[in-house]
Amino acid sequence: MLDVKLLRANFSEVKEKLNNRNEDISDLDRFQELDQKRRDTIQEVEELKNKRNSVSQEISVLKREKKDADALIKEMKEVSTKVKSLDDILRSVDEELNQILLSIPNIPHESAPIGLDEEDNVEIRTWGNIPQFEFEEKPHWDIATELGILDFERASKVTGSRFVFYKGQGARLERALINFMMDLHQDENGYEEVLPPYMVNRVSMTGTGQLPKFEEDAFKIREEDYFLIPTAEVPVTNLHRDEIMDGNELPKAYTAYSACFRSEAGSAGRDTRGLIRQHQFNKVELVRFVKPEESYDQLELLTSHAEKVLQLLKLPYRVLNMCTGDLGFTAAKKYDIEVWIPSNNTYREISSCSNFESFQARRANIRFKRDMKGKTEFVHTLNGSGLAIGRTVAAILENYQQADGSVVIPEVLRPYMGGKEVIK
RNA sequence: GGAGGAGUACCCAAGUCCGGCUGAAGGGAUCGGUCUUGAAAACCGACAGGCGGGUUAAACCGCGCGGGGGUUCGAAUCCCUCCUCCUCCGCCA
């Protein structure tokens, strides 16, 4: 959610910046009109309430002195009727205004390159060497199926398409990655571990920006107004919803493992094979609550934490600065980290590190105080994958595959794999 | 799932039956001060925070007793509804 005062004061400037996004912002035009109407109505109704309050006191005194108050009561009855109708108007204006504000995307940061779509994202750096195979390399689903560590067919039977069974060393590898990453972020990078609920309510989904616009991308629990989380970002960011944090405790960093559930309406036909695009996948998430002035340094730090995972796994990757058209709804700036996937002969997204500035904090009402006397301010929130586990498995299987169909286990994972060096 | 009970400011807590100088008593914690070599204790003082409107900034005004509606001239107090927590029963990993 944008700062209403900023929007009010710099309307055309904000609109211009939002126009660089690949989003529909047509709702914006009604903002000014409604905002003015809201303020006019508030002034009118509060004046009447003020009158009602003071006269009610007078009535109270008259009653106590057993004097006649009928005239005043009659007059206040009319005032109250008027108040009620103005309150009704205000309520509906507020409602509409709020819907508009919730549907406006974040303002891109000046360091986000202006562009239309993924073609315009800017590669910032690459790391590692792309492997050269002296045999015909296979896609991970073939490697895994032959090794008997992933079973897509039975998952289709048991559930449906875009689900998978991990089996044997595959399941062990997935679990090893989760533990390896969680340990790294907790022990080396200073994050506090949390294990969140996998379902959240509507308010939480609205707080981080998944709702109201992207409801069809989420799985909805039928009996309750709950949603399966598309990422641990949702429950973890909402940990501090409606709270005033202590400025001395910032930056506050959490890491969370969770399963993630995405319906992804509209993605049918893309990445239909393998682990790249599943309805359910595992992810280790990083979330940071920080002071506004430090949030861009914090984004670099967060991104470095995600990159560190790939470096330790010795997987080649690159980092992209996402252009304004490809930023997504909530981010002011976003780095995508893409890992090399040999079967695709390209890099694929494995982490997305974003600075939301105060966009989520306003929606979720997450504030802080610098000290006891200070004013409350909105925190800045950031998050990033650290990393998506399924895609990491895919990357390992493909980058570490051997001519005989076996897969070498990255060294850092071996302690988590019972000392095993190869999956065969 | 069934039956009861409860949500008041940072924490505890009075007030709710019987609506009106309670636009929220009291205590604790916290902050400031007196005293002290320093600290503790005692005593004195400050403590509704927050959001919205308004203003260059103030002043000022509105809203706040779990959330949202309603009744009334007037609601912490009456009515409806939802949420959360506690106790007991049932079921269950």
Side-chain angles (χ1 to χ4, degrees), chain A residues 1-10 31-102 195-207 211-212 221-227 235 238-249 259 358-379:
Chain A
M1 186 135 61
L2 300 186
D3 181 354
V4 172
K5 287 182 177 144
L6 179 81
L7 193 53
R8 203 181 278 156
N10 306 300
F31 167 81
Q32 284 178 305
E33 181 191 338
L34 282 168
D35 181 53
Q36 191 58 50
K37 185 169 182 187
R38 172 171 176 273
R39 285 185 291 160
D40 291 346
T41 310
I42 284 173
Q43 286 193 35
E44 194 181 350
V45 75
E46 288 193 351
E47 204 172 307
L48 289 172
K49 283 180 178 175
N50 181 230
K51 183 173 186 187
R52 184 177 70 183
N53 286 344
S54 56
V55 175
S56 287
Q57 282 302 307
E58 289 173 35
I59 293 172
S60 159
V61 172
L62 289 174
K63 289 272 190 186
R64 208 172 307 116
E65 294 170 353
K66 306 284 182 202
K67 290 181 184 165
D68 177 58
D70 288 355
L72 285 178
I73 288 176
K74 186 159 180 262
E75 191 189 342
M76 285 310 100
K77 202 180 184 101
E78 285 167 24
V79 170
S80 262
T81 306
K82 182 73 178 159
V83 164
K84 200 159 293 180
S85 77
L86 285 173
D87 267 342
D88 283 344
I89 291 169
L90 190 57
R91 222 186 329 258
S92 74
V93 170
D94 267 339
E95 171 76 13
E96 193 180 346
L97 201 51
N98 205 250
Q99 285 309 115
I100 288 172
L101 287 171
L102 286 174
L195 191 58
Y198 290 0
M199 295 182 203
V200 295
N201 59 33
R202 182 172 292 274
V203 180
S204 294
M205 287 286 275
T206 306
L211 296 182
I221 305 301
R222 198 200 314 143
E223 296 80 0
E224 305 275 351
D225 202 16
Y226 295 164
F227 298 83
N238 279 281
L239 254 183
H240 292 294
R241 172 153 52 80
D242 294 322
E243 289 182 14
I244 298 174
M245 302 178 77
D246 178 354
N248 295 318
E249 289 177 4
S358 62
F359 188 82
Q360 291 181 325
R362 284 174 201 284
R363 290 177 157 242
N365 194 29
I366 307 168
R367 294 166 296 166
F368 78 103
K369 273 187 173 174
R370 291 177 193 272
D371 53 67
M372 293 267 299
K373 292 179 179 174
K375 286 183 67 73
T376 58
E377 302 172 54
F378 287 106
V379 300

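Note on naming: letters A, B, ... go to the chains in the order of the sequence lines (proteins, then strands), and numbering restarts at 1 for each one. Everything numeric in this text was worked out from a predicted model, so none of it was measured.
- Contact between the side-chain N/O atoms of A:Lys49 and the OP1/OP2 oxygens of B:G53 is not found at any separation under 4.0 Å.
- A distance-only check finds a donor-acceptor pair linking the side chain of A:Asn238 to the backbone of A:Ser204 [under 3.5 Å].
- Checking B:G53, B:G20, B:G50 against every side-chain atom of A:Arg8, the shortest atom distance belongs to B:G53.
- Stem analysis of RNA chain B (at least three stacked-register Watson-Crick or G-U pairs, each with both distances under 3.5 Å) gives B:1-7 with B:83-89, B:10-12 with B:26-28, B:30-34 with B:42-46, B:50-53 with B:60-63, B:66-70 with B:78-82.
- Comparing the same atom, P, in B:U71 and in B:G23 gives a spacing of 22 Å after rounding to whole Å.
- With rounding to whole Å, A:Arg241 atom CZ is found 13 Å from B:U84 atom C1'.
- Rounded to whole Å, the distance from CD1 on A:Ile244 to P on B:A9 is 14 Å.
- Considering only side-chain N and O atoms, A:Arg39 lies under 4.0 angstrom from the phosphate OP1 or OP2 of B:G54.
- Note on A:Ser80: a side-chain N or O is less than 4.0 Å away from OP1 or OP2 of B:G74.
- The shortest distance between the side-chain N/O atoms of A:Arg64 and the OP1/OP2 oxygens of B:C21 is not below 4.0 Å.
- A:Ser56 has no side-chain polar atom (N or O) that falls below the 4.0 Å cut-off from OP1 or OP2 of B:A75.
- Taking for each of A:Lys51 and A:Asn365 the nucleotide of RNA chain B with the nearest heavy atom, the 5'-most of the two is the partner of A:Asn365.
- Straight-line distance between the C1' atoms of B:G15 and B:G1: roughly 36 Å, to the nearest whole Å.
- Comparing B:G7 with B:U77, their P atoms are spaced 13 Å from each other, to the whole Å.
- You won't find any donor-acceptor pair under 3.5 Å spanning the side chain of A:Glu46 and the base of B:G54, going by distance alone.
- Following rounding to the nearest Å, A:Glu75 (CD) and B:U72 (C1') show an atom-to-atom distance of 17 Å.
- Distances shown here put every side-chain N or O of A:Asn53 at or beyond 4.0 Å from the OP1 or OP2 atom of B:G23.
- Considering only side-chain atoms of A:Ile59, the nucleotide from B:G20, B:G70, B:G53 that sits closest is B:G20.
- Remark: A:Arg38 is not in phosphate contact with B:G52, judged by side-chain N or O atoms under 4.0 Å from OP1 or OP2.
- Across the interface with RNA chain B, nearest-nucleotide mapping of A:Ile73 and A:Ile42 shows A:Ile42 to be the residue nearer the 5′ end.
- If you check every strand for non-hydrogen atoms under 4.0 Å, A:Leu72 touches nothing.
- Within a 6.0 Å sphere centred on CD of A:Gln99, other residues, nucleotides and ligands contribute more than 12 heavy atoms.
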Starting from the C-alpha separation in whole Å, work towards a yes-or-no answer on side chain to side chain donor-acceptor pair (under 3.5 Å) for A:Ser56 and A:Asn53.
CA-CA 5 Å; A:Ser56 287; A:Asn53 286 344; 5.8 Å; no

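- Using a 4.0 Å heavy-atom distance criterion, A:Lys84 is classed as a sugar-phosphate-only contact.
- Looking at heavy-atom distances under 4.0 Å, A:Lys77 makes contact with sugar-phosphate atoms alone, never a base.
- Applying the 90° cutoff around 0 to the glycosidic angle, B:G64 is assigned syn.
- With respect to A:Asp68 and A:Lys63, no salt bridge is recorded, no charged nitrogen being found less than 4.0 Å from a carboxylate O.
- Closest to the A:Arg367 side chain, of the nucleotides B:G50, B:G53, B:G20, is B:G50.
- Nucleic acid contact class of A:Arg202 (heavy atoms, under 4.0 Å, all strands): none.
- Closest approach of A:Glu58 to A:Leu72, counting heavy atoms only: OE1-CD1, 4.0 Å.
- Looking at A:Phe359 and A:Leu2, their side chains come closer than 4.5 Å, going by heavy atoms from C-beta outward.
- OP1 or OP2 of B:C61 has not a single side-chain nitrogen or oxygen of A:Asn50 nearer than 4.0 Å.
- Side-chain proximity of A:Lys63 to the nucleotides B:G70, B:C73, B:G52 is greatest for B:C73.
- Nucleic acid contact class of A:Gln57 (heavy atoms, under 4.0 Å, all strands): base.
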Please lay out, stage by stage, how A:Ile59 and A:Val55 fare under the test side-chain contact (heavy atoms from CB on, under 4.5 Å).
CA-CA 6 Å; A:Ile59 293 172; A:Val55 175; 4.2 Å; yes

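- Salt-bridge check for A:Asp87 with A:Lys84: failed, with every basic side-chain N at 4.0 Å or more from each acidic carboxylate O.
- The phosphate of B:A75 has neither OP1 nor OP2 within less than 4.0 Å of any side-chain N or O from A:Arg52.
- With values rounded to the nearest 0.5 angstrom, A:Glu78 atom CD is found 11.5 Å from A:Leu48 atom CG.
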